[in-house]
Amino acid sequence: MPPPPQTVNAYYNPENNEIVFPAGILQAPFYDPEAEPVTNLGGIGAVIGHEITHAFDTSGSQYDEKGNLRDWWTPQDKQRFRELAQKVIDYYDTMEVNGNQVNGTLSVTENIADLGGVSCITEIAKEKGYDLKELYHAYGVIWATKYRDDYLSYIMTNDTHSPGITRVNAVLSATDDFYTAFGVREGDGMYRRPEDRPHIW
C-alpha cells in the first residue's frame, strides 16, 4: 500500500521495478519550482538518482526488469560488484557521529544509493555547466538534521540509512569532483586519499 501523499519520502519497489515519490517530497528543500535548476538537481535530482541506484544496490540487483527475484548477473560481474560493495562497507565503517560508529554493513544499500545519486547529478551538472559548489551545497541542505543523543544511538544500530551528516560528508568525500570544486587538499577534514574513495558507478 502506497504511503499517504503528504509523506516526505521516496522509495524504490523492486517487485514492481518502480520508484514512488509521494507529493509531499515535491517541496523545498527537495524541489522548488522557483529555484535555480542546479538547486533542484542537488535536491530532488539526487533523490531520483538515489532511488534509481537502488535497482542496482546489493538488494535491488537481485531482481530483474520485471520485478522477479532472478540471478541475471554474470558470475564475473557479480564478483566484481561484491568487491566494490565491500569497499563501500569498509569505507563507511571508518565513519562515526558523536562517538557512534557507522555500521557499513547495515547501511550498505542506502550508502550505495547515496553514492550513485550524487554520481548521477555530478555528471548532469558538468554536462550543463552548473556550478558544482552550488550543486553540493543544495545536496547538503536536504540532509541537514539534528538528533537527540538517544535517538542517534538508536538509528545508528537500527536504521539502514546513515545519519544525515554522514550522508553528506561521506558521499562528498568519496566524490572526486568535490575536491576540485572546493579545493580540498590533504590534511583537510573531509579529505580521503583517492584509493580510499569507493566508486561503484
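Count residues from 1 along the sequence. The figures that follow rest on heavy atoms only: side chains count, while hydrogens, waters and symmetry mates do not.
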Could you pull out the closest heavy-atom pair between [X] and [Y], with the gap in Å?
| X | Y | answer |
| --- | --- | --- |
| F21 | V47 | CE2-CG1, 3.7 Å |
| V141 | P29 | CG1-CB, 3.8 Å |
| G104 | N111 | O-ND2, 4.4 Å |
| M156 | N103 | O-CB, 4.3 Å |
| P22 | N9 | CD-O, 3.0 Å |
| T58 | A85 | CG2-CB, 3.9 Å |

Check for me, please, whether [X] and [Y] land in the same ILVMFWY cluster - side-chain distances under 4.5 Å, paths through other members count.
| X | Y | answer |
| --- | --- | --- |
| V97 | M95 | yes |
| L115 | I124 | yes |
| V108 | Y11 | no |
| Y91 | F81 | yes |
| V88 | F56 | yes |

Could you walk me through whether D176 and H199 satisfy the side chain to side chain contact (heavy atoms under 4.5 Å, CB included) test, starting with their C-alpha distance in whole Å, then the side-chain angles of each, then the deciding distance to 0.1 Å, before giving a yes or no?
CA-CA 10 Å; D176 295 335; H199 297 283; 3.6 Å; yes
Would you compute the distance between atom [atom1] of [X] and atom [atom2] of [Y] and round it to the nearest 0.5 angstrom?
| X | Y | atom1 | atom2 | answer |
| --- | --- | --- | --- | --- |
| I89 | I112 | CD1 | CD1 | 7.0 Å |
| T39 | E134 | OG1 | CD | 6.0 Å |
| T105 | Y92 | OG1 | OH | 13.0 Å |
| T145 | I155 | OG1 | CD1 | 7.5 Å |
| Y154 | N100 | OH | CG | 14.5 Å |
| D57 | T53 | CG | OG1 | 8.5 Å |

Any side-chain heavy atom of [X] sitting closer than 4.5 Å to one from [Y]?
| X | Y | answer |
| --- | --- | --- |
| Q6 | Q27 | no |
| V168 | Y136 | no |
| L135 | I121 | yes |

So N13 and E18, side-chain hydrogen bond (donor to acceptor under 3.5 Å, both in side chains) or not? Walk me through it.
CA-CA 5 Å; N13 178 0; E18 68 176 353; 3.3 Å; yes
For the pair [X] (side chain) and [Y] (backbone), establish whether a donor and an acceptor sit closer than 3.5 Å, ignoring hydrogens and angles.
| X | Y | result |
| --- | --- | --- |
| W143 | I165 | no |
| W73 | Q62 | no |
| N40 | D32 | yes |
| S107 | E110 | no |
| R167 | D114 | no |

Can you confirm whether the side chains of N169 and S173 place a donor and an acceptor under 3.5 Å from each other?
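Distance-only check fails for N169 and S173.
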S153-Y147 side chain donor-acceptor pair, cut-off 3.5 Å
no
For [X], is the [atom1] atom crowded, meaning more than 12 foreign heavy atoms sit under 6.0 Å from it?
| X | atom1 | answer |
| --- | --- | --- |
| L26 | CG | yes |
| E36 | CD | no |
| D150 | CG | no |

Before you tell me yes or no, could you show the steps for I48 and I19 under side chain to side chain contact (heavy atoms under 4.5 Å, CB included), namely the whole-Å CA-CA distance, both residues' side-chain angles and the distance that decides it to 0.1 Å?
CA-CA 8 Å; I48 292 169; I19 298 170; 5.5 Å; no
Go through D188 and R185 one step at a time and tell me if the side chain to side chain contact (heavy atoms under 4.5 Å, CB included) criterion holds.
CA-CA 6 Å; D188 292 339; R185 294 181 173 83; 4.0 Å; yes
May I have all residue pairs that pass ring-ring contact (aromatic ring centres under 6.0 Å, His included) and include part of residues 159-191, sequence neighbours excluded?
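Sorted result for residues 159-191: F178-F182, Y179-Y191.
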Do E195 and K87 pass the side chain to side chain contact (heavy atoms under 4.5 Å, CB included) test, and can you show the C-alpha distance, the side-chain angles, and the key distance before you say yes or no?
CA-CA 10 Å; E195 60 269 27; K87 288 187 176 182; over 6 Å; no
